[in-house]
Amino acid sequence: MIQQKFPILPYALKQIIGVVVLAIAYYEMAEISRHLASTPQDVTPVWPPDGIAAGAVLLFGNWMGYGVLLGSFLANYWAFQDPTSFLSLVISTLPVLGIAIGTTLGTMLGAFLLRKITHLRYPLERVTDVFKFLLLTGMVGPNINATVGVACLALSGKVPWTAYGTVWLTWWISNVSGIFIVTPILLSWRQFIQKNRHFIWQWLSFSSTSGDCENLFNIRHFRPSSSRLRFCLIVIEPFILIGLVIFIGKVAFDEGYHLEYMLIPMLIWSAFRLGQPGTTLLTFIVAAIAAIATVNGKGGFVSEDLNQSLLQLQLFIAVITLTILVLTATIAERVQAETKLRLAFAELARTNETLEIRVQQRTEELNQKNTTLQQTLQTLKQTQLQMLQSEKMSALGQMVAGVAHEINNPISFIHGNLVYLSEHIQDLLRALQAYQQHYPNPPQALHTELDKLELDFLREDMTKILQSMKIGTERISTIVLSLRNFSRLDEAELKAVDIHQGIDSSLVILQHRLQATTTHPEIQVIKKYGQLPLIECDPGSLNQVFMNLLSNAVDALEEFNLGRSFPDISANLNSICIQTSQIDTNLVMIMISDNGIGIHKDICSKLFDPFFTTKPIGKGTGLGLFISYQIVTQQHGGNLWCDSTLGQGTKFVIEIPVKAKRIA
């Protein structure tokens, strides 16, 4: 059976005890401060209770605000009460309550702002966080304390309104000084105890059972002699520092030698040797010695006005505190950086131990992979050649399909007209034969037969038929010429040509895809040809580029038309614009654009990668644009790039030199 463990004290009881303890500590420290120095208006320039309050709220939470409220009320009640009568006692309690509320609100505001800005981090471990602590908790929060407190005193008549600014400044400086001096002590010692809690408990347990620390050192694998020496230094060094601080403080403040600056090296020494807990404690001791001496009229801060002396003293202590906190935070950051660096070096050393073996293993693996890669590269080259040939065959298939479609129509009407031509010729022959039989005076029957044959119509229709046959044969000749211009099989590899002929030849071959159908109107081809010189290039390869780009433009328009009605397409006709221009003495530009569906920006960067395609399976190999890019850039030393806007269209731009500069 598992026994449920209950806490020794309930949480609510712990909170009540904490509130009471804080209230007592606040009250007692207030009484001590009030006895050290107080203005005629009962405002003291030395007010460490606010430092205790801020530290308690930061350490334990906002619920400690009740303790701040109670402690502040008690501390000020005995100072400002008027027991003359019950009514005067109640009236004198109201400003005390206002002061307590202002103190609580200011303390909680400073703690809230610091937690918000530092994200609940320990505020004295980073230089930036130290300044945030000093500014928000140490300087912003006391604004409310001073404003509300002095206003309550002024409203109650204890402070004249004419002295409001002076009293407010004294009140604010006293609160700031208290927070600067006392709060870092509480925060740093709490942090020190949390970080070293395990070691402290271990040391206490061994000390209580053995009475000799040597067992602890043996367990921690330290040599006894070095452990004793180190332990002695750790124990004795703080007492040496405290003794020096007390001695210098006595000489500086009691004997009047003005050696206050000699305390700075001691505090710096403590910052490096004792850390924040010891340094903040020594700073508090210095402040206590200096305050007591100044109250008694001794030291370099003494003037005719006691409050003015204490103000100068607290400003001096505040500057020392600021310097020490920044220094200890810098040391803490350096220690953290050195720790991370040591860990990094240790990790690097562990990595280096196995690095040589891993390098040998990787070298052997790389040699094996290199051999495999060479074989794969050879296979890839062969496969690439096969794929290039396959792509050429694919382009050739498209070309043949277009040629077949274009040749079919002229052959059809030539074949159909030949039948009528044969019949008409037979009729004419019969007419001539009948004419010869009855010539020179043909009978009425011949006239009737000639009327039936309509010789005039035959002569006219014969002319039209022959013209139609002529047009058909010319069309076939044009297509054949386009095929020759596209393939350029009868020309050298590099030749100065008119690239407009290659573009026109590609358009002729794709004419069947540009014509109107039952689903869409004709695709408009807009030519904006500039004055171009003859381009030295590989005509067959360059025509293949034109064919690929124009074919892709038609594909894009067909994809854009899917799901659109004929009237919708007619309202915004599909178009392909071909523009050429000479942009430099040795550079021309060919731009082929469409108003189709467009391409997404993420896809544009992959268009020229091998095997990348956006077309359905079986409709594209993903090599058309890759091969086109290779032809333009490698064979002709030019450039091919794409610019597209989704939903508006795509533009491909070819830039090639007038004089070929082959790269590969």
Side-chain angles (χ1 to χ4, degrees), residues 394-414 416 467-468 470-483 485-486 499-530 543-580 590-599 614-616 619-620 624 628 642-654:
S394 175
L396 183 60
Q398 293 182 1
M399 179 184 64
V400 171
V403 171
H405 185 274
E406 291 299 325
I407 293 179
N408 181 62
N409 285 336
I411 291 179
S412 296
F413 68 72
I414 290 175
Q467 184 66 26
S468 178
K470 181 180 178 182
I471 293 173
T473 54
E474 289 177 351
R475 179 64 173 169
I476 294 174
S477 300
T478 303
I479 293 174
V480 172
L481 181 60
S482 298
L483 290 176
N485 289 334
F486 179 78
I499 61 172
H500 291 157
Q501 293 182 359
I503 298 174
D504 292 338
S505 299
S506 301
L507 290 173
V508 170
I509 296 172
L510 290 173
Q511 187 64 38
H512 69 286
R513 300 189 62 187
L514 302 174
Q515 293 174 350
T517 65
T518 56
T519 58
H520 65 80
E522 180 183 5
I523 298 176
Q524 293 182 337
V525 177
I526 304 171
K527 299 180 183 180
K528 298 180 180 179
Y529 290 167
N543 288 342
Q544 185 178 357
V545 175
F546 297 149
M547 175 63 75
N548 283 331
L549 297 182
L550 290 171
S551 179
N552 286 340
V554 176
D555 290 340
L557 293 173
E558 291 178 350
E559 182 181 357
F560 186 52
N561 291 335
L562 294 177
R564 300 174 64 198
S565 62
F566 195 97
D568 185 18
I569 301 174
S570 300
N572 185 16
L573 290 175
N574 300 141
S575 64
I576 297 175
C577 180
I578 306 172
Q579 181 178 355
T580 63
I590 304 100
M591 183 176 67
I592 299 176
S593 59
D594 63 75
N595 61 347
I597 193 171
I599 304 173
T614 58
K615 298 178 182 178
K619 196 172 181 181
S628 299
C642 172
D643 184 20
S644 180
T645 302
L646 201 62
Q648 296 184 10
T650 305
K651 174 177 65 177
F652 284 91
V653 179
I654 304 171

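Position 1 is the first residue of the sequence, and the numbers go up from there.
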- Mark yes or no for whether S575, through its side chain, and V525, through its backbone, hold a donor-acceptor pair below 3.5 Å. no

- Task: Of all the heavy-atom pairs spanning Y529 and D504, show the shortest one and how long it is.
- Result: OH-OD1, 2.9 Å

- Query: To the nearest 0.5 Å, what is the distance between CD1 (I523) and CG (L573)?
  - Reply: 10.5 Å

- Any side-chain heavy-atom pair from D555 and N552 closer than 4.5 angstrom? yes

- With V545, the side-chain contact (heavy atoms from CB on, under 4.5 Å) member among I590, I592, I654: I654

- Start with the C-alpha gap between R513 and E558, add the side-chain angles, then the distance that decides, and say whether side-chain contact (heavy atoms from CB on, under 4.5 Å) holds. CA-CA 10 Å; R513 300 189 62 187; E558 291 178 350; 3.1 Å; yes

- Note on the structure: Correct closest heavy-atom pair for S506 and L550 would be CB-CD1, 3.8 Å

- For residues R564 and N572, report the shortest heavy-atom separation together with the two atoms involved. NH2-O, 4.2 Å

- Query: Can you name the closest pair of heavy atoms from G596 and F560 and give their distance?
  - Reply: C-CG, 3.9 Å

- Item | Gap separating the CD1 atom of I599 from the CG atom of D643, nearest 0.5 angstrom | 10.0 Å

- State the OG1-CG distance between T650 and L549, to the nearest 0.5 angstrom. 11.0 Å

- Item | Spacing of CG belonging to N561 relative to CZ belonging to F566, to within rounding of 0.5 Å | 10.0 Å

- Test side-chain contact (heavy atoms from CB on, under 4.5 Å) applied to I576 and V554, step by step: CA-CA 8 Å; I576 297 175; V554 176; 3.9 Å; yes

- Show your reasoning for whether side-chain contact (heavy atoms from CB on, under 4.5 Å) applies to L507 and K527. CA-CA 11 Å; L507 290 173; K527 299 180 183 180; 3.5 Å; yes

- If you look at every heavy atom in G502 and F546, which pair is closest and at what distance? C-CD1, 4.1 Å

- Task: Could you tell me the separation between the CG atom of L557 and the CD atom of Q524, rounded to the nearest 0.5 Å?
- Result: 11.0 Å

- Query: Quick check: does any side chain N or O of T580 sit under 3.5 Å from a backbone N or O of G530, one acting as donor and the other as acceptor?
  - Reply: yes

- Query: Within the side chain of N595, is there an N or O that forms a donor-acceptor pair under 3.5 Å with the backbone of C577?
  - Reply: no

- Verdict with reasoning, S593 to Q579, per side-chain contact (heavy atoms from CB on, under 4.5 Å): CA-CA 9 Å; S593 59; Q579 181 178 355; over 6 Å; no

- Message: On a heavy-atom basis, which atom in A516 and which in E522 lie closest, and how many Å separate them?
- Response: CB-N, 3.4 Å

- Message: Can you tell me how far apart CG (N574) and CD1 (I569) are? Round to the nearest 0.5 Å.
- Response: 6.0 Å

